[in-house]
Structures are given as C-alpha cells and as structure tokens.
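Quick note: numbers below take in every heavy atom, side chains included, and nothing from hydrogens, waters or symmetry partners. A, B, ... follow the sequence lines: proteins, then strands. Residue 1 opens every chain. Not measured: the values here are computed from a predicted model.
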Amino acid sequence: MNSNHLLGEILDIQKQMEIIKQGVEEIIPEEELVEKLNKSQETNIPLRIKYGIDPTAADVHIGHMVPVRIMRRFQDLGHIGVIVIGDYTAQIGDPTGRNESRAHLSSEEVKRNSERFMEQLYYVLDKDKTEVRFQSEWFGPMQLSEFISILGKFTMAQIMAHDTFRRRYEEGLPFGLHEMMYPILQAYDSVAIKADVELGATEQKFNILAGRDMQRYFNMPEQVAVLMPILIGTDGVEKMSKSLGNYIAIFDPPEDKYGKIMSIPDELIENYFLYAAFASPQEITTIKDELNKGINPKLIKQKLARKIVELYHDKEAVQKAENHFNTVFTQKKIPDEIPEYKVKPEKIWLVQLLNDAGLVQSNGEGRRMINQGAVSIDGNRISDMNYELVPGNGMVIKVGKRRFCKLLTE
RNA sequence: GGGGAGAUACCCUAGUGGUCAAAGGGAGCAGACUGUAAAUCUGCCGGCGAAGCCUUCGGAGGUUCAAAUCCUUCUCUCCCCA
C-alpha cells in the first residue's frame with residue numbers, strides 16, 4: 001500500500017510549501033526544504049520531521065501545539081513525525097530565560113510523563129505516522145570518549161553566541177557548565193534520528209541550527225529549520241508557559257479553554273487566530289476587516305474561542321462551553337454543573353463551611369471574601385463575617401465569579 | 001588558593017537592633033463598571049472564630065529585655081585576582 005503520497009501526488013511542491021508555510025515564521029534555508037520535498041516525492045521516501053520535548057512536566061498547552069500542528073501538516077503530506085523525548089536534556093532544563101536546576105527524573109517518571117504527553121499530542125498528530133524516540137536510546141550507551149569528541153566539534157565562541165547564554169553570563173547569573181550541553185545534546189538527536197526537518201519555536205533557532213552543524217560533522221544531509229513564533233500567554237505579555245500560569249492546557253476542560261481565550265487582551269485576537277486557531281489567510285483577512293469596522297471584539301473573541309475549543313473537543317462541547325460562559329459571566333448566573341459538597345445539616349459558621357468545601361484556602365481568606373462582598377448563598381449576598389447557617393440540601397454557595405458549590409446534606 | 005559582594009514572602013526588590021507580618025512593583029484574588037474571565041477604577045493579598053497570639057527575611061547556634069537587622073558557623077550564588 002502506498003498511502004505516503006496520498007496528498008503529495010496530487011499537490012505540486014509549490015502548493016505543499018504554501019500549506020507548510022502557513023503560520024510559520026521562518027524556514028532556514030527554504031530552498032533546501034523545496035529540494036527535500038522534491039527528492040522525497042521522486043524517491044518515495046518520506047521526510048523525517050523532528051520535534052523535541054522535555055518530559056519534565058506532563059502537561060501540554062496550546063503553545064506547544066503550534067509546532068505540533070505543523071508536524072501534522074507534514075504527516076498529511078505523507079511524511080513521518082519523530083517526537084524526541086528529551087530524557088537527558090530534561091535533567092538540564094532548557095537554559096533559555098528563567099531556570100532552576102531540575103530535579104533528577106526517574107525513568108518511571110519519564111515514562112509516565114511521556115505517555116501522558118503523547119496522549120495529548122495525539123489530539124493533533126497522526127499516530128500511524130508518528131515515531132516516538134528517547135534520547136537515552138543513543139546517549140545511554142555512548143562512551144565518554146565519543147562524547148568528548150563531539151564536544152570538540154563546538155567552540156566556546158559558538159556556544160556563547162547564543163544570546164541567552166551570553167546574557168546570563170554577562171549579567172552574572174548562575175550558569176552551570178552542564179547547561180551548555182543542552183544545544184549539543186539536542187543537536188546530536190538530529191544525527192541519531194536522521195532528521196530532515198526540525199520544528200520549533202523561534203527561540204529554538206540556535207539549537208536547531210546547531211543540529212545542522214552537528215549533522216555536517218557526521219557527513220549527513222543537514223536538516224531544515226522550520227520555526228514558529230512563540231505563542232504569547234493569556235496575559236498578553238509573556239510567552240505561554242506553565243510556570244507563569246498564563247497557559248491554556250490541552251487537558252483543561254472545554255469551559256476553561258473557552259473562558260481563558262475570552263480573557264486574552266483584545267490586541268491578541270489576530271495573533272491567536274493565526275497561531276492558536278490556525279486560521280486560513282482568508283479567515284484572517286475577514287477578522288481584520290471586522291476588527292477595523294469596530295465590531296465588538298467580544299463577538300470576534302467568541303468566534304476564536306469556539307474555533308480553538310473545537311480543535312480539541314467536539315461541537316457539543318463547544319456549545320456547552322459557550323453556554324457555560326454566557327451563564328456564568330455574561331448573565332452572572334449559576335452554571336448547570338457545579339461541584340458538590342456533602343455536609344451534615346448542623347449549624348455551622350459560614351467561614352468554616354467555605355474552608356471545608358475548598359472554596360477558600362484559609363479562614364482568613366473566607367473572612368476577606370465575605371468582607372469584600374464576594375460570597376452569596378442562593379443568590380443572597382452575605383456580608384456578616386460571623387454568619388452561621390444550617391446547610392440545606394441543594395443550597396448553592398458562590399464565592400467570587402468562578403467558584404461555586406452545591407451543598408448536599410447527609 | 002586570595003580578596004570582595006550577596007541570599008527577604010508566588011516573583012522582583014526595600015529594609016541595618018524595638019515604631020516589622022516586614023515599604024514599592026509585578027502576579028493573583030475581590031468589588032464596581034463594562035463590550036468579555038479585555039480595559040479602567042477601588043480594595044485585599046502568612047495563619048488562628050480576630051482578642052490577642054503563633055509561624056516567617058538561606059540552614060543551625062549565640063548575644064540582647066528585644067534580631068530580617070549584631071556575632072559564630074554551615075550551605076549556596078556572583079564579581080575581581082591567580
């Protein structure tokens with residue numbers, strides 16, 4: 001069976017390039033990619049498209065998905081996606097920006113994290129055209145002598161050309177020797193898996209280009225770098241990342257995805273259509289027109305939210321998420337499905353109840369919430385910090401806009 | 001190996017014996033408003049049923065009526081010299 005070039009046979013190379021380039025910031029060098037696509041078509045050998053991830057945490061957010069979407073496009077054109085699980089680099093931690101030395105990950109943790117990771121990536125990837133590889137496959141058996149000879153291929157000046165290394169060094173921040181290994185390990189991965197293309201965010205440019213150097217040292221065809229922009233987080237300022245809490249996780253329930261998208265600053269709408277929703281150029285033009293015409297950005301954001309939620313869930317979930325949003329935020333009502341908490345129907349101090357039900361983190365916070373007028377029972381605002389009540393079955397307690405709880409009496 | 005500087009809350013940072021649960025800023029949360037979990041404004045932002053008390057300024061000891069602040073020591077970081 002030859003399904004490799006199912007689409008490739010129909011589409012000429014130029015058309016393929018157009019598909020690939022959508023939402024891509026930079027291809028280095030572009031002509032080489034064209035050559036590779038041509039050659040692949042002639043020889044009927046699929047290209048190997050690499051994307052590396054560190055299994056430090058198991059949660060994937062939609063920022064990670066930007067390159068993964070591109071990988072899917074390559075897969076649809078008949079190529080193989082190779083996910084490299086960085087079980088060695090994970091112990092270093094990508095030295096870009098903030099970083100703490102990482103705790104050593106046990107092999108069980110790596111396994112667990114990577115399985116969970118892949119589960120999320122398969123929301124987008126074609127499982128049949130995906131290969132999952134671990135760095136330990138090649139770095140595990142590697143001899144020190146071999147590693148030292150690899151190190152000899154690179155110079156200090158090359159490594160310090162990396163802006164984040166140089167800056168950290170110049171600013172006198174802690175800088176472990178092992179951190180300089182990060183690009184080198186990542187570069188060697190490309191040799192190990194014979195990558196034709198490596199995907200990554202633009203911040204990965206250095207590392208991916210180091211892969212080209214490394215392949216050249218090993219007398220191998222050099223990979224092409226396909227770079228995507230960094231997705232800005234929901235705060236509209238920083239790169240989307242888990243540690244900053246400005247992320248939309250793949251495992252977030254549809255309502256949360258929807259709500260988080262609605263909370264992005266209006267200026268980010270176009271950017272998200274492009275990189276988070278993967279809208280077509282025609283759609284982007286429409287959006288721009290609408291924004292210029294002064295249509296309520298809220299409506300356009302709703303469209304965006306729908307589109308993104310639908311990438312990861314079905315239409316029904318999208319509808320539910322939208323209803324939830326409208327109920328809770330626009331109409332400020334109680335949603336249909338809310339957490340339940342079982343209590344005894346005995347007189348209890350409200351603050352205690354809030355704390356027990358997990359609606360607040362401490363009695364102090366409970367007091368503050370009441371003080372600030374954030375707490376209501378069945379729609380009646382409570383402002384007395386000493387308020388006591390006998391819980392009734394079905395009573396609904398609300399704290400702030402987003403915290404609800406239905407009481408069930410035992 | 002020698003010399004110097006430093007470690008403060010979720011993050012950045014001020015504080016050099018009592019007036020410090022610790023100033024600012026950011027993040028976060030709440031209220032108001034709205035066009036939305038945008039923007040803006042205001043407030044809150046260690047714990048305790050709130051009285052006062054308890055735990056916090058890298059770790060451990062010590063001085064003192066009193067320590068984030070002084071001393072000893074340990075750990076870690078940065079800079080300069082070699």
For atom C1', what is the distance between B:G28 and B:U75, given to the nearest Å?
-> 32 Å

For A:G373, report the nucleic acid contact type (base, sugar-phosphate, nothing); a contact means any heavy atom under 4.0 Å.
-> sugar-phosphate

Assign A:N326 to base, sugar-phosphate, or nothing according to its heavy-atom contacts below 4.0 angstrom with the strands shown.
-> nothing

Considering only the P atoms, how many Å lie between B:C53 and B:A38, rounded to the nearest integer?
-> 41 Å

Which part of the nucleic acid, if any, lies within reach of A:G364 when heavy atoms closer than 4.0 Å are counted: base, sugar-phosphate only, or nothing?
-> base

Walking RNA chain B from its 5' end, the first of A:P297 and A:W349 to be reached, judged by nearest nucleotide, is A:P297

A:K320 with A:E255: basic N within carboxylate O range, under 4.0 Å = no

Between P of B:A51 and CE of A:M385, the distance in whole Å = 8 Å

Roughly how many Å is it from CZ in A:R367 to P in B:G31, rounded to a whole number?
-> 19 Å

May I ask you to verify if any side-chain N or O of A:K298 is less than 4.0 angstrom from the OP1 or OP2 atom of B:G35?
-> no

At under 4.0 Å, does any side-chain N or O of A:S362 touch on OP1 or OP2 of B:G47?
-> yes

With respect to the phosphate group of B:G28, does any side-chain polar atom (N or O) of A:R402 fall under 4.0 Å of OP1 or OP2?
-> no

Select one nucleotide: of B:C48, B:U34, B:U36, the one nearest the side-chain heavy atoms of A:K332.
-> B:U34

Quick note, A:P265 side chain, CB onward, closest among B:G49, B:A38, B:A37 is B:A38

Partner nucleotide, any strand, of B:U64 [Watson-Crick/G-U, under 3.5 Å] | none

Figure out the NZ/C1' separation between A:K303 and B:G35, and round it to whole Å.
-> 17 Å

Salt-bridge contact A:R48-A:D196 (side-chain N to carboxylate O under 4.0 Å) | no

Nearest-Å distance once atom C1' is located in both B:C74 and B:G25 = 34 Å

A:E137 bridged to A:R133 by N-O distance under 4.0 Å | yes

Mind calculating the distance between CG (A:N246) and P (B:A38) to the nearest angstrom?
-> 15 Å

A:Q372 has its side chain closest, among B:C48, B:U34, B:A30, to B:A30

Determine the Euclidean distance between corresponding P atoms of B:A68 and B:G31; express it in Å to zero decimal places.
-> 36 Å

note: A:K301, atom NZ; B:G35, atom C1'; distance rounded to Å ~ 9 Å

Side-chain N or O of A:R403 less than 4.0 angstrom from OP1 or OP2 on B:A30?
-> yes

Taking any strand in view, what nucleotide pairs with B:G6 in a Watson-Crick or G-U wobble way, both distances under 3.5 Å?
-> B:C76

What is the pairing partner of B:U42, taking Watson-Crick or G-U wobble pairs with both distances under 3.5 Å in any strand?
-> B:A30

What interatomic distance, in whole Å, is found between P of B:A30 and the corresponding atom of B:A37?
-> 11 Å

Just call it for A:M262: base, sugar-phosphate, or nothing, with non-hydrogen atoms closer than 4.0 Å on any strand.
-> base

Could you give the distance separating B:A67 and B:A27 at their P atoms, to the nearest angstrom?
-> 36 Å

Looking only at atom P, what distance separates B:A7 and B:G59, rounded to whole Å?
-> 13 Å

A:R381 has its side chain closest, among B:U36, B:G31, B:C48, to B:G31

Closest to the A:D266 side chain, choosing from B:G35, B:G49, B:G31 | B:G35

Test: A:R212 and A:E198 ion pair at under 4.0 Å | no

Roughly, in whole Å, what's the span from CD in A:E238 to C1' in B:A27?
-> 10 Å

What is the pairing partner of B:C57, taking Watson-Crick or G-U wobble pairs with both distances under 3.5 Å in any strand?
-> none

Checking all strands, does A:Q361 fall into the base, sugar-phosphate, or nothing category for heavy-atom contacts under 4.0 angstrom?
-> nothing

Please state the P separation for the pair B:U77 and B:G52 - nearest whole angstrom.
-> 46 Å

To the nearest Å, give me how far apart CG (A:N296) and P (B:A39) are.
-> 15 Å

Between A:D76 and A:R73, does at least one N-O distance fall below 4.0 Å, as a salt bridge requires?
-> no

State plainly whether the residues A:K257 and A:E322 are in salt-bridge range, i.e. N to O under 4.0 Å.
-> no

Enter the distance from A:Y275:OH to A:I62:CD1 here, rounded to the nearest 0.5 Å.
-> 14.0 Å

Residue whose nearest RNA chain B nucleotide is more 5′ - A:E388 or A:Y258 | A:Y258

Quick one: label A:I264 by what it contacts on the DNA or RNA (base, sugar-phosphate, nothing), any heavy atom closer than 4.0 Å.
-> sugar-phosphate

Value in whole Å for how far the P atom of B:G35 lies from CZ of A:F325 = 14 Å

Does any nucleotide pair with B:G1 by Watson-Crick or G-U wobble geometry, both distances under 3.5 Å, and what is it?
-> B:C81

salt_bridge(A:R216, A:E222) N-O dist < 4.0 Å = yes

